[in-house]
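Only heavy atoms go into these numbers, but all of them, side chains included; no hydrogens, no water, no symmetry mates. Values in this document were obtained by computation on a predicted structure and should not be read as measured data.
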2 protein chains.
Amino acid sequence: MEAATRVLIYEDNPDLRLSLSHLLGGTPGLELVGALGNCQQVETDIPRLKPDVVLMDIDMPGINGIEGLKRIKASQPKVSVVMLTVFEDNDRVFQAVCAGADGYLLKKTPPAKLLDAIGEVRAGGAPMTPAIARQVLRLFPKPAAPRQQEDSPANLSAREQEILGLLVEGYSYKMIAHDRGISLDTVRSHIKKIYEKLHVRSMTEAVSKALRQGLT
Amino acid sequence: MEAATRVLIYEDNPDLRLSLSHLLGGTPGLELVGALGNCQQVETDIPRLKPDVVLMDIDMPGINGIEGLKRIKASQPKVSVVMLTVFEDNDRVFQAVCAGADGYLLKKTPPAKLLDAIGEVRAGGAPMTPAIARQVLRLFPKPAAPRQQEDSPANLSAREQEILGLLVEGYSYKMIAHDRGISLDTVRSHIKKIYEKLHVRSMTEAVSKALRQGLT
DNA sequence: GGCGGCATCACATCATTATGCGAGGCGGCG
DNA sequence: CGCCGCCTCGCATAATGATGTGATGCCGCC
């Protein structure tokens, strides 16, 4: 029979790292070869631990997951790297995919699914959540097709973009309402719409997304 | 709850078309608005039947599925189109993805999965088989390495920078507390400090400032 | 001439943030 | 040793933000 799948974890949160370790360590057919809190030594970790699959947290202090991914792929392209993240951030997905990620999962993925995903990636699949898959598809027409000038207002209406701009400036609902001479409830309505369209659920996410994809 | 999801089928095989029709027609929450054997009249079918989701066979006589997909997307980009195919043909996948497909399933997909997929695509997901997902990822170009360098001596302590980073990612206080295994009140404390140091008074301002001055 | 998208406004309700006041432990420094 | 900054935690309150439901008027489009 074949050797167990060698799995390496990079996850800076000790709790999650521990629970992942337990999960993987207790699964037949898998061999946990390491569970590290950062990927500072990624260049030496890989040849030393020889993982088949790497679970890589995207948000880590020091060298982040995207950078770690790039380094792994640069030296050992055959190692499968599955990214773990809390948010389905468009920009991160793009970066990860471009850097050669083999999968992209949310941290809230249930344990059973996570194990499935490892099997899947070993079998040549690309585990990812539906929402992320959708984003990946949407990424396509962009780099593939010769795009023109300013677009990708993410179908935000003029008013919505305007208000998003104010959010980025740090305005509160109240300030926006006053500044634009409209009611507070109207501001709420617009922002609700913006959230829907950007697929976010808080001001910070909206601001972050706006700045990162230049919706300003 | 909202109105039922309107589904339209294009499938030239009468048997499969019939069984798909029965499957979808007998499912609560779905409304089968049509099951056509070709997409010759796709331009008029869509405005007439107003589907939310289209299941499109890729191999059809006359206008093929890829072409049908393009025409749908050209006029009604918001309609979700899930491609159905027998083979995981690399070239087809590429064409479909570039034309804006929202999902890509094999015809041998079991009925239950198919229904799941429709729900998924309505929820903003992109149903596809793992093997196809992997192909999609591989279609991506490698070049992508802008980004900046390391700095950010904004007198923030390491912990503070770390937390600011999480705010930028859209984390709430609660999520940060949980993620870092510290108390909610501690998160508050850190954020109070961050606000002081950055001279801001809200999360959005902090996020904006962080992204703009590269404190990430 | 009805339908969908946009902009406007009104409630209502629950969750999250913003802030102030404190407090204990730790480690470096003069 | 005392002082200070950092990290941790608690409590309390007022302000804001997140979400749902619903309504009105306008406009452009088959």
Side-chain angles (χ1 to χ4, degrees), chain A residues 13-15 61 87 153-210, chain B residues 1-3 6 33 43-52 75-79 153-209:
Chain A
N13 179 325
D15 291 340
F87 288 107
N155 40 50
L156 291 183
S157 73
R159 194 58 152 175
E160 285 156 2
Q161 279 195 60
E162 185 186 344
I163 288 181
L164 178 55
L166 294 176
L167 288 185
V168 169
E169 295 305 317
Y171 283 51
S172 67
Y173 284 32
K174 240 187 218 174
M175 296 166 87
I176 294 175
H178 185 265
D179 193 85
R180 298 288 127 143
I182 58 181
S183 129
L184 186 59
D185 279 303
T186 303
V187 177
R188 286 193 222 277
S189 294
H190 286 308
I191 292 182
K192 276 182 238 181
K193 266 296 185 186
I194 293 173
Y195 285 4
E196 268 178 39
K197 293 184 178 178
L198 294 186
H199 298 107
V200 299
R201 25 196 78 257
S202 73
M203 282 177 83
T204 49
E205 281 187 89
V207 167
S208 181
K209 202 156 207 167
Chain B
M1 226 22 234
E2 345 190 320
R6 300 172 62 85
V33 297
E43 276 95 346
T44 56
D45 293 337
I46 301 299
R48 180 165 56 85
L49 301 172
K50 294 185 182 24
D52 298 308
S75 63
Q76 295 292 140
K78 287 167 62 183
V79 175
N155 47 43
L156 291 182
S157 74
R159 193 58 152 173
E160 285 156 3
Q161 277 196 56
E162 185 185 343
I163 288 181
L164 178 56
L166 294 175
L167 288 185
V168 168
E169 294 307 315
Y171 283 53
S172 67
Y173 285 30
K174 234 187 229 175
M175 296 168 103
I176 294 174
H178 185 264
D179 193 84
R180 297 292 126 144
I182 58 180
S183 131
L184 187 58
D185 278 304
T186 301
V187 176
R188 285 194 223 278
S189 294
H190 286 308
I191 292 182
K192 278 180 229 179
K193 269 291 185 187
I194 293 173
Y195 285 5
E196 268 178 40
K197 293 185 178 179
L198 294 186
H199 305 293
V200 298
R201 11 198 75 258
S202 72
M203 281 175 85
T204 48
E205 280 187 272
V207 167
S208 184
K209 200 153 204 166

Undergrad: So, B/Ser208 side chain and A/Glu169 main chain: donor-acceptor pair closer than 3.5 Å or not?
TA: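 The answer is no, because no donor-acceptor pair under 3.5 Å joins these two groups.
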Undergrad: Contact between A/Thr186 and A/Arg159 at the side-chain level, heavy atoms closer than 4.5 Å - yes or no?
TA: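 No, side chains not in contact.
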Undergrad: Please report, rounded to the nearest Å, how far the P atom of D/dG22 is from the NZ atom of A/Lys193.
TA: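 Checked: the NZ to P distance equals 16 Å.
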Undergrad: Taking only residues at least two apart or on different chains, which pairs with a member in residues 173-184 of chain A satisfy salt bridge (Lys or Arg N to Asp or Glu O under 4.0 Å)?
TA: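 As it turns out, the salt bridge (Lys or Arg N to Asp or Glu O under 4.0 Å) pairs with a partner in residues 173-184 of chain A, which skip direct neighbours, are A/Glu162-A/Arg180.
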Undergrad: What does nucleotides 24-30 of chain D look like as a protein-contact string, B for base, S for sugar-phosphate only, - for none, at under 4.0 angstrom between heavy atoms?
TA: -------
Undergrad: Taking only side-chain nitrogens and oxygens of B/His190, does any of them come within less than 4.0 Å of OP1 or OP2 of D/dC6?
TA: no
Undergrad: Can you give one letter per nucleotide of nucleotides 10-15 of chain D, going 5' to 3': B for a protein heavy atom under 4.0 Å from the base, S for sugar-phosphate only, - for none?
TA: BB----
Undergrad: Tell me, do A/Ile194 and A/Val200 make a side-chain contact under 4.5 Å, heavy atoms counted?
TA: no
Undergrad: Whole angstrom is fine here: how far is it from CD1 in B/Ile191 over to P in D/dT16?
TA: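 One finds 18 Å between P of D/dT16 and CD1 of B/Ile191, rounded.
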Undergrad: Nearest heavy-atom pair of A/Leu156 and A/Leu164: which atoms, and what distance?
TA: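 Reported closest heavy-atom pair: CD1-CD2, 3.7 Å.
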Undergrad: Can you tell me how far P of C/dC6 sits from CD of A/Glu160, to the nearest Å?
TA: 6 Å
Undergrad: Report yes if at least one side-chain N or O of A/Ser157 is closer than 4.0 Å to OP1 or OP2 of C/dA7; otherwise report no.
TA: yes
Undergrad: Taking A/Met203's backbone N and O only, do any of them form a donor-acceptor pair with A/Tyr195's side chain (distance below 3.5 Å, no angle check)?
TA: yes
Undergrad: When the distance from CZ of B/Arg180 to P of D/dC7 is rounded to whole Å, what number comes out?
TA: 13 Å
Undergrad: Quick one: pull up CD1 in A/Ile163 and NE2 in A/His190 and give me the separation to the nearest 0.5 Å.
TA: 4.5 Å
Undergrad: Compare all side-chain heavy atoms of A/Tyr171 with those of A/His178 and state whether any distance is below 4.5 angstrom.
TA: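 Not in contact.
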Undergrad: Tell me whether the side-chain N/O atoms of B/Tyr173 come closer than 4.0 Å to OP1 or OP2 in C/dA15.
TA: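 Result: no.
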Undergrad: With a 4.0 Å cutoff (strictly under), does any side-chain N or O of B/Tyr195 reach OP1 or OP2 of C/dA18?
TA: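 So the side chain of B/Tyr195 is within the cut-off, an N or O lying under 4.0 Å from OP1 or OP2 of C/dA18.
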Undergrad: So, are B/Lys197 and B/Glu160 salt-bridged, with charged N and O less than 4.0 Å apart?
TA: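 B/Glu160 and B/Lys197: salt-bridged.
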Undergrad: What is the distance from CD of A/Gln161 to C1' of C/dC6, rounded to the nearest Å?
TA: 14 Å
Undergrad: Taking CD from A/Glu196 and C1' from D/dA18, how many angstroms apart are they, rounded to a whole number?
TA: 13 Å
Undergrad: Could you tell me how far apart A/Leu164 (CG) and C/dC6 (C1') are, to the nearest whole angstrom?
TA: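 Distance check: A/Leu164 CG to C/dC6 C1' gives 17 Å.
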Undergrad: Rounded to the Å, how far apart are A/Glu162 CD and C/dT8 C1'?
TA: 14 Å
